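Read through the structure below, which is laid out as structure tokens, and then see the notes.
Everything numeric here is computed off the predicted structure, so don't read it as measured data. Throughout, protein chains are lettered first and strands after them, A, B, ... in sequence-line order, and every chain is numbered starting at 1.
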2 protein chains.
Amino acid sequence: MAGKNIEQEQPSREEIRLPMVLQALSDPVRLGIVLKLAGTGEIACGSFGLEMPKSSLSHHFKVLRNSGVVATQREGKEWVNSLRRDDLDALFPGVLDSIIAAAGSGRETTAQG
Amino acid sequence: MAGKNIEQEQPSREEIRLPMVLQALSDPVRLGIVLKLAGTGEIACGSFGLEMPKSSLSHHFKVLRNSGVVATQREGKEWVNSLRRDDLDALFPGVLDSIIAAAGSGRETTAQG
DNA sequence: TGGACGGTTCGACAATTCTCGAACTATGCC
DNA sequence: GGCATAGTTCGAGAATTGTCGAACCGTCCA
């Protein structure tokens, strides 16, 4: 088969709800993922230097997907993640940008000591 | 005594964390409160037409206070709530505004029937 | 076809959150 | 002082969330 463009279950644009988006972004781990995603563009799940079991990381990506924040596609044997900026900007203008800017400028990203 | 300017426990500006703010705003009930607060300026806790026991409402206000989103002060025998716009704008420019705008334009506010 | 690799899914457990009734505290008024 | 009002605090129970190990599935490569 092709082995491309196979998507995980994700909400359509109309199904995205603001509370769910905020809920997804309210976790330091996920906020860190989104921040990194915003800087890099597309990343595979394993490419985060996070000290976590696969299953925990997968859970966080699932939350991000279900809320409509990120899209995940097969690309070879990896899953590649990207921010759904178009959808989020259309629905909630400025929300994602300002949150990324705020998280990036401070040290509010990951729960550090 | 005076009976004014008595505050509830609230974080100082430096103690406010973005994830906690987003967490506070990720609940439809609280998002509705913030939205109403943004439009009216100051409101007492009981002045929301929400069908909820006092204790539940009080809980939500507590979350909003602890996260640094709202400030609460005694004013006579009422507690008056107001958004901490100055603090939030200084820490996370645009975040509160865009969220309020997004919540206000759509019907994402309260879990309606 | 049989690995190795990247992630997901499942089940379990602990921790947090939401909701509610009941009791309590503080204020203002008589 | 005594009472009504406004809201908090204190349990308790149900639901959701975060974390983890183990098993599973799809893709690539030899």
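- Between A/Trp79 atom CH2 and D/dG26 atom P the separation is 10 Å, expressed in whole Å.
- In terms of position on DNA chain D, the residue among A/Ser56 and B/Leu57 whose nearest nucleotide sits closer to the 5' end is B/Leu57.
- Distance from the side chain of A/Lys54 is smallest to C/dG7 among C/dC20, D/dG7, C/dG7.
- Atom CD1 of A/Ile43 and atom P of C/dG6 are 16 Å apart (whole Å).
- Checking D/dT8, C/dC18, C/dG7 against every side-chain atom of B/Arg30, the shortest atom distance belongs to C/dC18.
- Nearest nucleotide to the side chain of B/Ala44, out of D/dG7, D/dG18, C/dA26: D/dG7.
- When distances run from any side-chain atom of A/Arg65 to the nucleotides D/dG18, C/dG6, C/dT8, the shortest one goes to C/dT8.
- A straight line from CG of B/Leu64 to P of D/dG7 spans 15 Å, rounded to a whole angstrom.
- Side-chain proximity of A/His60 to the nucleotides C/dC18, C/dT9, D/dT19 is greatest for D/dT19.
- Across A/Asn81, A/Leu37, A/Ile33, a single residue satisfies side-chain contact (heavy atoms from CB on, under 4.5 Å) together with A/Ile43, and that is A/Leu37.
- Counting all heavy atoms, side chain and backbone alike, A/Lys77 lies closest to A/Arg74 at O-NH1, 3.2 Å.
- Rounded to whole Å, atom C1' of C/dC13 lies 14 Å from atom NE2 of A/His59.
- Of the listed nucleotides (C/dC20, D/dG7, C/dT9), C/dT9 has the atom at the smallest distance from the side chain of A/Ser55.
- Partners of A/Ser56 by side-chain contact (heavy atoms from CB on, under 4.5 Å), not counting sequence neighbours, listed by chain and number: A/Met52, A/Pro53.
- The separation between A/Phe61 atom CZ and D/dT19 atom P is 14 Å, rounded to whole Å.
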* side chain to side chain contact (heavy atoms under 4.5 Å, CB included) between B/Val95 and B/Leu88, worked out -> CA-CA 8 Å; B/Val95 170; B/Leu88 294 173; over 6 Å; no
Would you tabulate the pairs of protein nitrogen or oxygen atoms and nucleotide nitrogen or oxygen atoms of nucleotides 14-16 of chain D closer than 3.5 angstrom?
none

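- Comparing C/dT8, D/dG21, D/dG18 by their nearest atom to the side chain of A/Pro53 picks out D/dG21.
- For the residue pair B/Leu22 and A/Leu25, the shortest heavy atom distance occurs at CD1-O, 3.4 Å.
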* Asked: Step by step, would you call B/Leu35 with B/Ile100 a side chain to side chain contact (heavy atoms under 4.5 Å, CB included)?
  -> CA-CA 6 Å; B/Leu35 196 57; B/Ile100 288 172; 3.8 Å; yes
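- If you check C/dA22, C/dG6, C/dA26 against the side chain of B/Arg74, the one that comes closest is C/dA26.
- Relative to the side chain of B/Lys77, the nucleotides D/dT5, C/dT8, D/dT27 differ in distance, and D/dT5 lies closest.
- Between B/Ser67 and the options B/Arg84, B/Lys62, B/Met20, a side-chain contact (heavy atoms from CB on, under 4.5 Å) holds for only B/Met20.
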